[in-house]
Protein chains: 2
Amino acid sequence: MNDIAAPQKASKPRPTKDRLIRAAAQLFSNRGYHGVGLAEILAEAQAPKGSMYHHFPNGKSDLAMASATWASDQILLLIAASFEPSDSFVEGATTLCHKLADLFEVTGKWCGCPISSTLFEGPDNAEFHSHAAHLFEGWITEVDYHAQRLGLPKERAAMAAQNFYILLQGGWQLARVRRDSQVIRALPALLHYKPAAPGEACSDT
Amino acid sequence: MNDIAAPQKASKPRPTKDRLIRAAAQLFSNRGYHGVGLAEILAEAQAPKGSMYHHFPNGKSDLAMASATWASDQILLLIAASFEPSDSFVEGATTLCHKLADLFEVTGKWCGCPISSTLFEGPDNAEFHSHAAHLFEGWITEVDYHAQRLGLPKERAAMAAQNFYILLQGGWQLARVRRDSQVIRALPALLHYKPAAPGEACSDT
DNA sequence: ACACATCTGGACCAATCGGTCTAGACATGT
DNA sequence: ACATGTCTAGACCGATTGGTCCAGATGTGT
């Protein structure tokens with residue numbers, strides 16, 4: 001897993017494996033695991049079949065795992081880049097939403113969440129599911145860490161992280177449906193982060 | 001579309017078409033459009049291939065459209081059944097979440113949202129996308145209607161409906177990841193429905 | 001120069017894919 | 001009895017799928 005993000009230790013500038021992972025991540029997030037054939041991935045990555053089965057002996061499923069991990073790491077970087085320079089949780093969350101929205105607008109690609117597209121649509125393989133769960137929890141953990149770092153008490157931070165995750169997934173989906181990034185930009189308003197207002201929060205439960 | 005929910009007007013107790021639609025809806029929502037082959041659907045519905053191409057001349061895509069429509073109608077019924085006997089928006093939303101959570105617990109099937117699984121994973125066909133968008137907007141419209149009926153002012157109702165939709169989709173996804181219906185039951189607490197508390201809602205935006 | 005490990009290139013495969021086609025079962029109206 | 005339209009049943013098809021295999025190109029250490 002760790003050998004993906006960093007280039008191979010030897011000075012080899014031939015990133016066939018990387019090309020495969022990136023191509024797979026992009027295609028899977030657009031059309032899901034079963035929606036993309038190996039031929040398409042190989043064409044996009046300009047790699048022959050032999051190379052792929054050299055780097056990923058278990059074939060498509062191996063590649064899917066690796067590409068999901070890579071995509072998840074990209075998201076983690078995005079989270080860190082958004083929260084690190086921020087002074088409050090809501091500011092970080094807002095930055096993240098805007099970065100994500102910008103990404104959609106600039107690329108024009110209304111892809112789905114790479115992990116759910118790649119691993120959730122696949123065979124109901126237990127390994128796929130647990131890996132997806134692991135990656136998702138990694139997102140929540142990362143947000144939780146920043147929430148605590150930015151001053152939220154432990155319990156509030158956990159709630160805020162999970163809440164933000166839910167909003168992000170739901171908003172991502174609706175934005176894709178409408179092809180409108182405004183949905184994502186409006187998400188932070190739904191966080192309802194109230195540093196000190198315990199009483200009379202909701203009507204009932 | 002309307003001929004799906006109701007049985008054929010003549011007294012024909014042979015619901016092959018219905019069996020196909022239900023089987024397809026269930027399988028698609030579990031593993032996505034491309035994740036299910038016709039053979040599997042036909043086996044599940046106990047129907048031969050000829051029957052299917054009689055009822056759905058355009059094959060798999062036709063069946064997917066019909067099954068997504070049917071599944072969407074089921075959700076609409078669930079929405080109506082939850083909000084109609086309720087006295088407030090939050091109460092209706094809470095009921096809906098609990099009904100959905102119960103469904104997951106009872107059936108033990110942690111399927112995904114039938115529409116996004118069926119239509120969003122399919123070929124990036126424009127028809128699929130617009131149909132999915134249409135169905136989703138139908139959900140939001142239905143919730144919006146009940147929100148207004150239960151006393152929310154027009155603008156608040158629209159916001160609440162969209163907000164609830166986002167929470168439901170995001171929560172549904174996280175519940176599937178964790179196989180824990182508690183996530184869905186906890187959603188209404190995130191609605192933050194405050195009938196009369198204009199001041200000091202959020203910190204910043 | 002040599003051996004060795006890594007990686008590439010693509011031919012080849014069985015299995016499955018979605019889709020077509022037709023023969024006949026079945027109910028119905030006349 | 002007969003014709004008609006609806007629906008069932010499954011054999012069959014070409015295309016594509018993921019996967020296997022191996023010859024050979026390439027780089028590296030000695």
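Proteins get letters first, then strands, A, B, ... in listed order; numbering begins at 1 in each. Only this structure's heavy atoms are used, side chains among them; waters, hydrogens and symmetry mates stay out.
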Problem - side-chain contact (heavy atoms from CB on, under 4.5 Å) against B/S61, all qualifying residues, sequence neighbours excluded - result: B/Y33, B/N58, B/F128
Practice task
State which residues pass side-chain contact (heavy atoms from CB on, under 4.5 Å) with A/Q46; sequence neighbours excluded, sorted by chain then number.
Solution key: A/R19
Handout entry: Spacing between B/I41 atom CD1 and C/dG18 atom P, to the nearest angstrom
Key = 7 Å
Problem - Pairs satisfying salt bridge (Lys or Arg N to Asp or Glu O under 4.0 Å), at least one member in residues 44-60 of chain A, at least two apart - result: none
Handout entry: Rounded distance (Å) that lies between atom C1' of D/dC7 and atom CG of B/D18
Key = 15 Å
Practice task
Provide the full list of side chain to side chain donor-acceptor pair (under 3.5 Å) pairs with a residue in residues 100-113 of chain A, sequence neighbours left out, each pair given once.
Solution key: A/D102-A/R185, A/E105-A/S181, A/E105-A/R185
Practice task
Give the angle between the helix axes at the two ends of the helix from C/dA1-D/dT30 to C/dT30-D/dA1, taking five base pairs at each end and rounding to 10°.
Solution key: 0°
Practice task
Quickly work out the B/H54 NE2 to D/dC7 P distance and round it to whole Å.
Solution key: 4 Å
Using a 3.5 Å cut-off and no angle test, enumerate the donor-acceptor pairs between side-chain atoms of residues 112-119 of chain B and protein atoms at least two apart in sequence or in another chain.
| from | atom 1 | to | atom 2 | distance (Å) |
| --- | --- | --- | --- | --- |
| B/S116 | OG | B/C113 | O | 3.4 |
| B/S117 | OG | B/C113 | O | 3.1 |
| B/T118 | OG1 | B/P114 | O | 2.5 |

Practice task
For B/M159, check side-chain contact (heavy atoms from CB on, under 4.5 Å) against everything at least two apart and list the hits.
Solution key: none
Exercise for the section: Report the distance from atom CD of B/Q46 to atom C1' of D/dA9, rounded to the nearest whole Å. Expected result: 14 Å
Practice task
Sequence neighbours left out, what passes salt bridge (charged side-chain N to carboxylate O under 4.0 Å, His left out) with B/E137? Give chain and number order.
Solution key: A/R178
Problem - Electrostatic pair A/E84:A/R149 at N-O distance under 4.0 angstrom - result: no
Handout entry: C/dC7 OP1/OP2 closer than 4.0 Å to side-chain N/O of A/T16
Key = no
Handout entry: Interatomic distance, B/M52 atom CE to B/L63 atom CG [nearest 0.5 angstrom]
Key = 5.0 Å
Handout entry: Nearest-Å distance for atom pair CG/P, residues A/L20 and C/dC7
Key = 13 Å
Completion exercise
For nucleotides 11-19 of chain D, 5' to 3', base contacts (B), sugar-phosphate-only contacts (S) and non-contacts (-) with protein non-hydrogen atoms under 4.0 Å give -------BB
Practice task
Not counting sequence neighbours, which residues clear salt bridge (charged side-chain N to carboxylate O under 4.0 Å, His left out) with A/E127? List them please.
Solution key: none
Exercise for the section: Specify the residues of residues 120-129 of chain A, ordered by number, for which at least one heavy atom lies under 4.0 angstrom from an atom of DNA chain C. Expected result: none
Handout entry: Set of residues satisfying side-chain contact (heavy atoms from CB on, under 4.5 Å) with respect to B/P48, sequence neighbours excluded
Key = B/S51
Problem - Side-chain N or O of B/H55 closer than 4.0 Å to phosphate OP1/OP2 of D/dT8 - result: yes
Practice task
Nearest whole angstrom, please: distance from the C1' of C/dC17 to the CG of B/L63.
Solution key: 15 Å
